[in-house]
Asker: 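Starting off with a structure, shown below.
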Amino acid sequence: MILRPFVAFGLFSIALVSIAVFAGGCRRSSDPNAVKILNVSYDPTRELYEEFNRVFAEHWARQSGQTLDVRMSHGGSGKQARSVIDGLEADVVTLALAYDVDAIRRKAGLMPKDWQSRLPNNSAPYTSTIVFLVRKGNPRGIKDWNDLVKPDVSVITPNPKTSGGARWNYLAAWGYMLKRELGDLSKLHDPKSADAVAKANEKAKEFVKEIFQHVKVLDTGARGSTMTFVQRGIGDVLLAWENEAFLSIHELGPDKFEIVVPSISILAEPSVAVVDKVAERHGTRAVAEAYLKHLYSSEGQTLAAKHYYRPRNAEGVPEEYMKRFPKVKLFTVREVFGGWEKAQAEHFNDGGVFDQIYKP
Amino acid sequence: MKHTENIRCRAAAATTESRWVRWLLIGVSLTFLGLFLAMPLAAVFAQALSRGWAMYVRSLGDSDALSAIRLTLLVALIAVPVNTVFGVAAAWAIAKFQFFGKSVLITLIDLPYSVSPVISGMVLVLLFGRQGWLGPWLEARGIHVVFAVSGIVLATLFVTFPFVARELIPLMQAQGTEEEEAARLLGASGWQTFRRVTLPNIKWGLLYGVILCNARAMGEFGAVSVVSGHIRGETNTMPLHVEVLYNEYNTTAAFAVASLLALLALVTLVLKSVLQWKTGEQLTPEEQGYTGD
C-alpha cells in the first residue's frame with residue numbers, strides 16, 4: 001500500500017523513457033537493405049567526409065542501385081588506429097599518416113603488407129602541409145621557421161608523442177634546418193657528404209630543441225592545440241595543418257588570424273586503406289574499394305580542395321579552390337627521414353631524440 | 001501565526017551560535033552555491049540559447065543529436081533497473097546477514113568508486129577487444145561487445161554499480177534486524193517481510209540511490225568514451241556528442257545538448273521533491289512506525 005506512489009513513479013519514468021527510446025523519431029538509415037560501411041578517420045576530416053559521403057552515396061546508387069550508408073568515427077589519428085586494432089569494425093580507414101595505418105597491419109594483421117602500393121600516390125589521395133597560424137597583422141613578424149626561436153615568441157603545437165600532426169610539425173622544422181645547412185637535400189643520400197650531414201643533423205637537433213623551449217602548452221591532439229590558440233588566446237604562433245589553419249580562419253573570422261607559409265615545409269600524406277579482413281567479413285569489399293577510388297576522381301579531388309586539402313591532380317578542380325594553396329617547397333618523409341618507420345623509431349619512440357631534447 | 005512564531009523561537013534557542021555567526025554561515029553557503037552551481041548552470045543555458053530558440057531546437061532535432069539522446073536514455077533504462085535490483089539485494093545481504101567473505105563483497109562493491117572510469121573502460125577492451133581474452137571467440141561468432149551499444153551498457157553498468165548499494169548499506173545497518181525478526185515471528189514469509197517491512201523503511205534511501213545512479217548513468221564520459229568508438233549517430237552518447245560538437249566549432253549545438261543533459265538531471269530532482277512532498281503528508285503515521293495494513 002505504502003509503496004504505491006513509488007511503484008507508480010518508477011513505472012511512469014520507465015514508460016516515459018521507453019517511449020523516448022523506441023518511438024523517438026526515425027532511425028538514421030530507414031532502408032533496412034542499405035549497405036553500411038564505417039570509415040574511421042582522424043579529427044580534421046569531418047567536414048570533408050560529411051560532404052564526400054553524400055556525393056559518393058549518390059554515385060554508388062547510380063552505379064549499383066544499392067543504398068549506401070557511410071558512418072563516420074573521428075578522433076586523434078593514433079587513438080583511432082588503436083581502436084581499430086582493438087576491434088572497432090572499420091571497413092576503411094582514412095588516417096593522418098601511413099604509420100598509423102601500418103600499426104593496424106602490424107598489431108592486428110587486418111591488411112596485407114603492400115597496402116600502401118594498392119592505390120596511387122602512396123595511398124594518399126590528398127595532401128596537406130604544415131603552416132603557421134598567427135594573430136592578425138602578424139605582430140611578432142613571423143615569416144619562417146627561424147623566427148619561431150626569436151626571444152619572447154611563444155609557440156603552440158601538440159605533443160609529438162600522441163599527435164600525428166605534431167610529428168609532422170617536428171619533422172618539418174628538422175627538415176628546414178637540414179635544408180639550410182646543406183643547401184640541397186639530395187646530399188642526404190650522398191655518401192661523400194656524410195660528415196656534413198651528421199653536422200647538419202646535430203644543428204637540426206639543437207634547433208628543434210630550441211623551438212620546444214618556446215612551446216607554452218603541449219596539447220595531446222591537433223584540435224586541442226587549435227582550441228588553445230584560437231579560443232583561449234594563448235601563444236603567438238600555432239604550428240598547424242594547412243587545412244586546419246584554413247578551417248580556423250573560415251570558422252572564426254579572417255579578422256582575427258592569418259596564415260604564414262614558411263620557405264619550406266613537409267608534404268603531409270594522410271593515408272587511406274581498405275581494412276581487408278573486416279570488409280571481407282562484412283561483404284563490403286567492392287564498395288569500400290570504390291569509395292577510396294572515388295577520392296581520386298575529379299569529383300573527389302574537388303571536394304578535397306574545397307575542404308582545404310591539396311588535391312593530387314588539379315585537373316578538373318575549379319581555379320577558385322586551387323588558388324588558395326600558395327606555392328611552397330615541400331619535402332617528403334621518405335626523402336629526408338627514410339620513411340615513417342625509421343623516423344618514428346629514431347625520433348618519437350621512448351628514449352628517442354624527442355625524449356632527449358624535451359624535458360617538461 | 002502564533003504557532004509558527006513559537007516554532008521559530010524554539011529553533012533559534014536550539015542553536016547556541018550568535019546571530020551573526022549564523023548569517024555568516026548562511027551567506028558563505030549561498031555565495032558558494034551561487035558561484036559554483038548556479039552560475040555555471042546559467043552559463044550553459046545562456047550559451048545554448050545565444051543564437052535564439054530556433055537554433056536551439058534545430059541543434060536538438062539533428063539526427064545525430066537525437067540518436068545520442070536515444071542511446072543515453074536506453075543505457076540508463078538498462079543500467080538503472082539492473083543496478084537497483086542488484087543494489088537492494090547486496091545491501092540486504094550485507095546488512096541483515098552474517099556470512100563468510102562479507103568484507104570482500106563490500107570491498108568489491110566499492111571498486112568502481114575507487115577505480116578511474118578510463119581504466120574501467122580499458123578493462124572491457126582488454127577482455128572483449130579484438131586483442132583481448134574473449135575477443136577472438138566472440139569475433140568468430142559475430143558478437144560485438146566493445147565499440148558497440150552493448151559495450152557502452154556494460155561500461156555504464158560497471159561504473160554505476162555501487163550507487164544504490166552504497167546508499168542502502170549504512171541505512172539498513174543502522175536499522176538493524178529487529179523489525180524483520182518480529183515480522184518473521186508473527187508468521188510473515190521472507191518475501192512478505194521484505195515487501196512490508198524492509199522496503200518501506202529504506203524507500204527514501206533507495207530513491208536517492210536510484211537518482212544518483214541515473215544521473216551518473218546518463219552523464220558518464222570516461223569509461224564510455226573508451227569503449228564507444230565514436231561512431232556518429234550510432235555509439236555516441238550525449239556527453240560524447242557534446243565533446244564532438246564542441247571540437248567541431250559548433251559551440252551553440254554543444255551547449256544545447258549539454259543543457260538538455262542538465263535539464264534531465266533537474267527534472268529527476270524535481271520529480272523526487274514532488275514525490276517526497278506528496279507522499280510526505282499521507283505517510284507520516286506509517287513513517288512513525290504504525291505499519292498497519
Side-chain angles (χ1 to χ4, degrees), chain A residues 1-6 8-10 12-14 16-29 36 38-40 43-44 46-47 50 69 71-75 79-80 82-90 107-108 110 221 223-224 226-227 230-231 247-248 250-252 277-278 281, chain B residues 61 63-64 66-67 69-71 73-74 76-77 80-81 84 125-126 128-132 135 138-139 142 144-148 195-196 199-200 203 206-207 210 214 226 228-236 244 246-251 268 271-272 274-275 278-279 282-283 286-287 291 293:
Chain A
M1 291 298 114
I2 307 147
L3 291 168
R4 196 167 284 160
F6 281 85
F9 171 68
F12 177 69
S13 6
I14 289 176
L16 212 67
V17 172
S18 316
I19 291 169
V21 171
F22 299 107
C26 47
R27 282 204 77 84
R28 225 161 75 100
S29 60
K36 278 193 195 174
L38 172 61
N39 176 359
V40 171
D43 263 328
R46 289 195 169 102
E47 294 78 11
E50 207 177 296
D69 181 17
R71 298 163 303 152
M72 293 302 304
S73 166
H74 296 276
K79 193 193 104 195
Q80 293 292 81
R82 182 76 242 181
S83 294
V84 174
I85 291 167
D86 282 331
L88 184 56
E89 294 277 300
K107 297 224 165 79
L110 296 177
R223 247 326 135 87
T226 310
M227 288 288 168
V230 165
Q231 302 260 32
L247 188 68
S248 314
H250 179 76
E251 293 286 332
L252 298 149
K277 291 238 169 107
V278 177
R281 197 171 52 241
Chain B
S63 72
D64 288 344
L66 278 180
S67 107
I69 295 168
R70 206 176 302 123
L71 180 60
L73 292 177
L74 174 73
L77 188 67
V80 174
T84 304
V125 173
L126 218 60
F128 300 109
R130 196 179 338 249
Q131 316 294 317
L138 289 168
E139 197 171 300
H144 301 297
V145 177
V146 285
F147 309 118
R195 212 173 67 90
R196 297 271 166 86
L199 211 50
K203 62 176 186 284
L206 179 61
L207 184 63
V210 167
N214 181 52
V226 177
S228 140
H230 301 91
I231 306 171
R232 287 189 80 121
E234 218 170 290
T235 61
N236 266 347
V244 166
Y246 184 73
N247 279 342
E248 281 172 10
Y249 301 99
N250 209 341
T251 324
T268 345
L271 274 178
K272 181 209 156 211
V274 168
L275 190 71
K278 277 217 125 177
T279 52
Q282 300 167 7
L283 297 181
E286 280 93 346
E287 296 254 282
T291 13
D293 221 339

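From a predicted model like this one, the values you see are computed outputs, not experimental measurements.
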Asker: Using a 4.5 angstrom heavy-atom cutoff, name the option from A:Asp86, A:Val84, A:Asn39 with the most pairs to chain B.
Answerer: A:Asp86
Asker: Between A:Lys107 and B:Gln131, does a side-chain contact (heavy atoms from CB on, under 4.5 Å) hold up when you go through it step by step?
Answerer: CA-CA 9 Å; A:Lys107 297 224 165 79; B:Gln131 316 294 317; 5.7 Å; no
Asker: Return the minimal non-hydrogen interatomic distance between B:Tyr246 and A:Met227, and the atom names on each side.
Answerer: O-CE, 3.4 Å
Asker: Would you call A:Lys79 and B:His230 a side-chain contact if the rule is heavy atoms closer than 4.5 Å?
Answerer: yes
Asker: Taking atom CD1 of A:Ile85 and atom CZ of B:Arg130, what is their separation to the nearest 0.5 Å?
Answerer: 9.0 Å
Asker: Tell me if a side-chain donor or acceptor on A:Ser83 pairs with a main-chain N or O of B:Gly229 at a distance below 3.5 Å.
Answerer: no
Asker: Could you measure the distance from the CG atom of B:Asp64 to the CZ atom of A:Arg71? Nearest 0.5 Å is fine.
Answerer: 12.5 Å
Asker: Side chain, backbone, both or neither: which part of A:Thr226 has a heavy atom under 4.5 Å from chain B?
Answerer: side chain
Asker: Starting at CZ of A:Arg281, measure out to CD of B:Glu139 and round the result to the nearest 0.5 Å.
Answerer: 4.0 Å
Asker: Taking atom CG of A:Leu88 and atom NE2 of B:His144, what is their separation to the nearest 0.5 Å?
Answerer: 10.5 Å
Asker: Any heavy-atom pair between the side chains of B:Ile231 and A:Leu38 that's under 4.5 Å?
Answerer: yes
